[in-house]
Amino acid sequence: MSADAEPYTVRADAEPYTARADAEPYTARADAEPYTARADAEPYTVRADTARHTARDDVIGLYRRHVNSGLARLAELTGAPVVVRAEGDHLYTAEGEQLLNCGGFSVFLLGHGYPPVVDAVCRQLRTMSITGPMIFHEELAQAARTLADACPDGLEYVYLTNSGAEAVETALKLARMNGRRHVVSTDGGFHGKTMGALSVTGREVFRTPCEPLPGPVDFVPYGDSDALAARLTAASCVIVEPVQGEGGVRIPPPGYLRRVADACRSAGALLVVDEIQTGLGRTGPLWAVEEEGVTPDMLLSGKALGGGVVPVGAVVATPEVFAPLNRDPVLHTSTYGGSPLASVAVRHTVEAVLREEVPRRTRELEVRLRQLLEERLAGCRHLVREVRGRGALFGIEFHQPSLAGEFVLGLQERSVVVCPTANALSTVRLTPSAFFGEPELEWLGRAVRESADALGKRYPPSGI
């Protein structure tokens, strides 16, 4: 955050595209959003000749033939719904079934179709959506300033990417450009599946089929700052998550990030904190690093950064670490990274997170979710190892992966969508939006109770 900025507020020197004082703030106008599905069809919606939607079995058949046959088998085995529309906290099937979305891998922090972001993106779509890397435009400059101002002091340079994995790739390249070619990562950590990101992802089942991967990379137990410090040299770079999302919503011991940061400074190593899943208020504070007063050399963002509207990631770096790209910008470029469309989504998303007080909302939601899950899981508590969570990121760890799978299917039968957890198959992950209200909490609570009761009857304590 720059010194002249108001911390965590929209700057006073005016954003040219924010809602005017005479506008209806943040609600859909009575004369209709031009981007929603009207009866006479919008140019951006499905063509009129397919507007009635393809039957579910036909969609799965197309997946089998042209997308991924393994995914098609999974959909058939689980009875997964085919979704045609999304709004707020809900998904809708072609048959008209409404689903409660507690999934989405932390992307939908603002819910689906948050109007200010959708409005801004659609305006930009009509003006100039993509430029290429060597065209200068105001949208990128404004987005970079807005994101940097919302980050901890000292993080001043922003590089926008097309995904979180690309942000990790960029960070690893910047580390090498700064002489840090040895990476220390953590067991269970997840940073993506492109080659560089995969090399620092802490699960062998993903890495082994693609080896040899870039290196050298050492993995240490998550939460063990002493084990991490023992691997560091002045040629090292550490990449770590404040809370492991794909690792099963694993929360490290208090002071862990602070001790990791101190160890990096002592050794002369760089610190990259991956807040792709935890950032922008998902876990309570605007950035999880704030809880321990840590400013990393690079902070990574993604998932919710595009407002659930545009895919985008970001590296936010100190001037010292970003210096190689300042000296030679063509060392790392992207055709679509930092496009006007993505830039507008980023700026309006960050402003929305601040305006809507998302960190406050997720802290309050954490209390409600913890109480709800502890109470409603009573029917199968003997099958649950632990309930963990921060803000609007929760995990229910079962004693066996099969139990987690059956619980997910139970929720699906009750029209609740949750996240699988790639690095911890025994854990069911919930990532609701910051706007989860009483009706949604009641729906979730009922589904959790009924699913837990059914699982508990299927596997009673005496039968384990």
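For clarity, every value in this text was computed on a predicted model and none was experimentally measured.
- A donor-acceptor contact shorter than 3.5 Å is absent between the side chain of Thr283 and the backbone of Gly279.
- Scanning both residues, Tyr159 and Ser334, for their nearest heavy atoms gives OH-N, 3.5 Å.
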Verdict with supporting geometry, Arg429 and Glu246, salt bridge (charged side-chain N to carboxylate O under 4.0 Å, His left out): CA-CA 9 Å; Arg429 186 169 27 149; Glu246 294 291 344; 2.9 Å; yes
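- A donor-acceptor contact shorter than 3.5 Å links the side chain of Glu275 to the backbone of Val289.
- The two atoms that bring Pro432 and Ala392 nearest to each other are CD-O, 3.5 Å, heavy atoms only.
- We find the CD-CG distance between Glu156 and Leu147 to be 13.0 Å, quoted to the nearest 0.5 Å.
- By the 4.5 Å heavy-atom criterion applied to side chains, Leu377 and Val387 are counted as neighbours.
- For the ring pair (Phe, Tyr, Trp, His ring centres under 6.0 Å) condition, the pairs that include at least one residue of residues 394-413, sequence neighbours left out, are Phe398-Phe407.
- Here ring pair (Phe, Tyr, Trp, His ring centres under 6.0 Å) pairs that include residues 224-270, with residues two or more places apart or in two chains, are Tyr222-Tyr256.
- No side-chain heavy atom of Pro340 sits less than 4.5 Å from a side-chain heavy atom of Glu138.
- Ring-centre distance between His382 and Tyr459: not below the 6.0 Å cut-off.
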Residues Leu232, Val238; criterion side-chain contact (heavy atoms from CB on, under 4.5 Å); working and verdict: CA-CA 8 Å; Leu232 296 182; Val238 170; 3.4 Å; yes
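- For the pair Arg181 (side chain) and Ala235 (backbone), a donor-acceptor distance under 3.5 Å is absent.
- The existence of a salt bridge linking Arg446 and Glu442 is excluded, since no basic side-chain nitrogen approaches an acidic carboxylate oxygen closer than 4.0 Å.
- In summary, Asp119 and Arg123 do not engage in a salt bridge, as defined by a charged side-chain N under 4.0 Å from a carboxylate O.
- Side-chain N or O atoms of Asn178 include none that pairs as donor or acceptor with a backbone N or O of Arg180 at under 3.5 Å.
- Using a 4.5 Å cut-off on side-chain heavy atoms (C-beta onward), Leu372 and Leu441 make contact.
- A distance of 10.5 Å separates CZ in Arg231 from CZ in Phe219, rounded to the nearest 0.5 Å.
- Distance alone, capped at 3.5 Å, places no donor-acceptor pair between the Ser199 side chain and the Leu213 backbone.
- Checking each of Arg368, Glu374, Glu375 against Gln371 for a side chain to side chain donor-acceptor pair (under 3.5 Å) leaves exactly one that passes, namely Glu375.
- Between Arg388 and Glu397 there is a salt bridge, with a side-chain nitrogen of the basic residue lying less than 4.0 Å from a carboxylate oxygen of the acidic one.
- With rounding to the nearest 0.5 Å, the separation of CD in Glu440 from CG in Leu365 is 10.5 Å.
- Taking each heavy atom of Leu174 and Val321 in turn, the nearest pair found is CD2-O, 3.5 Å.
- Counting only heavy atoms from C-beta outward, the side chains of Leu331 and Met177 approach each other to under 4.5 Å.
- Without hydrogens or angle criteria, Thr362 side chain to Gly391 main chain gives no donor-acceptor distance under 3.5 Å.
- Taking 4.0 Å as the cut-off between side-chain N and carboxylate O, Arg361 and Glu357 do not count as a salt-bridged pair.
- Here the OG atom belonging to Ser343 is positioned 10.5 Å from the CD atom belonging to Gln142, to the nearest 0.5 angstrom.
- In this structure, Val272 and Cys237 have side chains that are in contact, with non-hydrogen atoms separated by less than 4.5 Å.
- At least one donor-acceptor pair closer than 3.5 Å links the side chain of Glu292 to the backbone N or O of Gly255.
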side-chain hydrogen bond (donor to acceptor under 3.5 Å, both in side chains) between Thr201 and His191, worked out: CA-CA 5 Å; Thr201 287; His191 303 286; 5.9 Å; no
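- What you find for Ala269 and Thr233 is that their closest heavy atoms are CB-O, 3.7 Å.
- Residue pairs that meet the side-chain hydrogen bond (donor to acceptor under 3.5 Å, both in side chains) test with at least one member in residues 98-109, sequence neighbours left out, are Tyr92-Gln98, Asn101-His112, Ser106-Gln277.
- Around the CZ atom of Phe435, the shell of radius 6.0 Å holds more than 12 heavy atoms that belong to other residues, nucleotides or ligands.
- No side-chain donor-acceptor contact under 3.5 Å links Asp153 and Thr295.
- No donor-acceptor distance shorter than 3.5 angstrom exists from the side chain of Thr333 to the backbone of Val330, with no hydrogens or angles considered.
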Verdict with reasoning, Arg250 to Val243, per side-chain contact (heavy atoms from CB on, under 4.5 Å): CA-CA 6 Å; Arg250 295 176 63 202; Val243 175; 5.9 Å; no
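- Inter-residue side-chain proximity for Leu110 and Val358 is flagged as met; some heavy-atom pair is nearer than 4.5 Å.
- The backbone N or O of Arg414 sits less than 3.5 Å from a side-chain atom of Trp443, completing a donor-acceptor pair.
- A perpendicular orientation is assigned to the rings of Phe206 and Phe190, their planes being inclined by more than 60° (bins at 30° and 60°).
- The side-chain contact (heavy atoms from CB on, under 4.5 Å) with Ile396 is formed by just one residue from the set Val408, Leu430, Leu403; it is Leu430.
- Atom CD of Glu87 sits in a sparse spot, with 12 or fewer heavy atoms from other residues, nucleotides or ligands closer than 6.0 Å.
- In this structure, Asp297 pairs ionically with Arg265, as a charged nitrogen and a carboxylate oxygen lie closer than 4.0 Å.
- Contact detail for Cys419 and Thr431: the closest heavy-atom pair is SG-OG1, 3.6 Å.
- Judged purely by atom type and a 3.5 angstrom limit, Thr161 uses its side chain to pair as donor or acceptor with the backbone of Ser163.
- Expressed to the nearest 0.5 Å, how far OH of Tyr114 lies from OG of Ser433 amounts to 11.0 Å.
- The two residues Val220 and Ala227 make their nearest non-hydrogen contact at CG1-O, 3.8 Å.
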Trace of the side-chain contact (heavy atoms from CB on, under 4.5 Å) decision for Thr186 with Gln244: CA-CA 10 Å; Thr186 58; Gln244 286 190 339; 3.1 Å; yes
Trace of the side-chain contact (heavy atoms from CB on, under 4.5 Å) decision for Val417 with Leu100: CA-CA 6 Å; Val417 177; Leu100 182 65; over 6 Å; no
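- Between Cys210 and Leu198 there is a side-chain heavy-atom pair separated by less than 4.5 Å.
- Rounding to the nearest 0.5 angstrom, the gap separating the OG1 atom in Thr170 from the CE atom in Met298 is 9.5 Å.
- A 4.5 Å side-chain heavy-atom check between Met128 and Thr131 finds at least one atom pair inside the cut-off.
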